[in-house]
Amino acid sequence: VGISFGAERIYDVMEELGLFPDGLDNYIKVLFLVLDEQSHAFAFNLVMKLRSEGIATDLYPEPGKLKKQFKYAEDIKAENIVVIGENEQSTGQFALKNQLTGDTSIYPLESLIKALKRS
């Protein structure tokens with residue numbers, strides 16, 4: 001025995017009536033992309049730190065090809081991306097790329113947080 005509320009129909013009606021809040025599709029301030037398992041674990045800690053600072057942050061679910069990860073970032077309309085690899089782990093410097101303008105800036109963690117809060 002099952003039950004259905006017609007979720008697709010409800011979604012269509014809500015969209016037609018303009019009931020979704022503006023900016024709902026752009027809720028990710030920064031998306032972390034990772035190169036390997038070690039980078040994934042490292043990035044997970046960064047995600048938790050940024051979220052604790054009130055920054056809408058996400059992490060690509062698994063290490064993989066960067067082309068696929070960049071496509072995902074584009075599909076979800078992530079405003080910024082940070083790629084995490086060995087270099088970022090060892091130096092503590094993070095390249096923040098704005099997906100809209102293409103501008104890239106390098107920050108230590110605390111400056112990265114401040115920059116994301118400002119924008």
Side-chain angles (χ1 to χ4, degrees):
V1 175
I3 187 168
S4 174
F5 294 104
E8 288 181 34
R9 290 186 185 133
I10 292 171
Y11 178 88
D12 290 341
V13 169
M14 287 180 69
E15 191 168 73
E16 187 175 314
L17 295 175
L19 297 176
F20 289 109
D22 291 338
L24 190 60
D25 60 345
N26 193 15
Y27 73 98
I28 303 287
K29 188 72 158 179
V30 62
L31 175 69
F32 284 89
L33 311 180
V34 295
L35 301 173
D36 54 40
E37 287 295 334
Q38 183 178 352
S39 300
H40 196 265
F42 182 83
F44 182 80
N45 291 324
L46 293 174
V47 167
M48 298 308 291
K49 172 73 174 157
L50 269 63
R51 285 180 178 171
S52 73
E53 296 285 337
I55 300 168
T57 308
D58 207 353
L59 169 63
Y60 191 79
E62 61 188 9
K65 296 183 180 191
L66 279 179
K67 183 177 181 180
K68 184 177 178 182
Q69 294 183 56
F70 276 105
K71 171 83 170 91
Y72 175 76
E74 187 178 303
D75 290 346
I76 66 166
K77 297 181 175 89
E79 188 175 326
N80 299 285
I81 57 168
V82 174
V83 177
I84 301 294
E86 264 184 49
N87 188 46
E88 289 75 17
Q89 292 175 66
S90 64
T91 64
Q93 299 286 319
F94 305 98
L96 178 71
K97 180 182 179 192
N98 182 302
Q99 290 289 87
L100 301 174
T101 65
D103 294 340
T104 302
S105 301
I106 299 175
Y107 301 100
L109 182 58
E110 291 307 316
S111 296
L112 175 67
I113 291 169
K114 288 177 185 173
L116 289 167
K117 283 184 172 184
R118 276 193 311 261
S119 65

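By convention here, the first residue in the shown sequence is residue 1. It should be emphasised that the depicted structure is a prediction, and the values quoted were computed from it without experimental measurement.
- Here the CZ atom belonging to F32 is positioned 10.5 Å from the CD atom belonging to E88, to the nearest 0.5 angstrom.
- Contact check for F94 versus I84: side-chain heavy atoms found under the 4.5 Å cut-off.
- Nearest approach of S39 to G85, heavy atoms of both residues: OG-CA, 3.5 Å.
- Few gaps surround CD on E53; more than 12 heavy atoms of other groups in view lie less than 6.0 Å from it.
- Put simply, the side chain of K77 does not reach to within 4.5 Å of the side chain of L100, judged on heavy atoms.
- To the nearest 0.5 Å, atom CG of residue N98 and atom CD of residue E79 are 6.0 Å apart.
- For E110 and K114, the salt-bridge test fails: no basic side-chain N is under 4.0 Å from an acidic carboxylate O.
- Note: K117 NZ to I55 CD1 = 6.0 Å, rounded to the nearest 0.5 Å.
- Using a 4.5 Å cut-off between side-chain heavy atoms of Ile, Leu, Val, Met, Phe, Trp and Tyr, with links allowed through other members, F70 and I28 fall into the same hydrophobic cluster.
- Taking 4.5 Å as the limit, some side-chain heavy atom of I113 sits within range of a side-chain heavy atom of L50.
- V34 is not listed as a side-chain neighbour of F42, based on a closest heavy-atom distance of 4.5 Å or more.
- Taken together through direct or relayed side-chain contacts under 4.5 Å among Ile, Leu, Val, Met, Phe, Trp and Tyr, L59 and L112 form part of one hydrophobic cluster.
- In this structure, Q99 and A78 approach most closely via the heavy-atom pair CG-O, 3.2 Å.
- By the criterion of side-chain heavy atoms lying less than 4.5 angstrom apart, applied directly or through intervening Ile, Leu, Val, Met, Phe, Trp or Tyr residues, L46 is not grouped with I106; the two fall into different hydrophobic clusters.
- When the shell of 6.0 Å around CD of E86 is examined, it contains 12 or fewer heavy atoms from other residues, nucleotides or ligands.
- Between the CG atom in L33 and the CD1 atom in I81 there is a gap of 5.0 Å [rounded to 0.5 Å].
- The distance from atom NZ of K29 to atom CG of D58, rounded to the nearest 0.5 Å, is 15.0 Å.
- By the 6.0 Å contact criterion, CD on E74 is open, its count of non-hydrogen atoms from other residues, nucleotides or ligands being 12 or less.
- The shortest side-chain heavy-atom distance between L31 and Q69 does not fall under the 4.5 Å cut-off.
- Separation of atoms NZ (K68) and CD (E62) is listed at 6.0 Å; rounding is to 0.5 Å.
- Here the side chain of H40 pairs a donor or acceptor atom with the backbone of Y60 at under 3.5 angstrom.
- In the hydrophobic cluster analysis, where Ile, Leu, Val, Met, Phe, Trp and Tyr join through side-chain heavy atoms closer than 4.5 angstrom, L109 is grouped together with V47.
- Hydrophobic cluster membership is shared by L116 and F44, with clusters built from Ile, Leu, Val, Met, Phe, Trp and Tyr side chains linked at under 4.5 angstrom.
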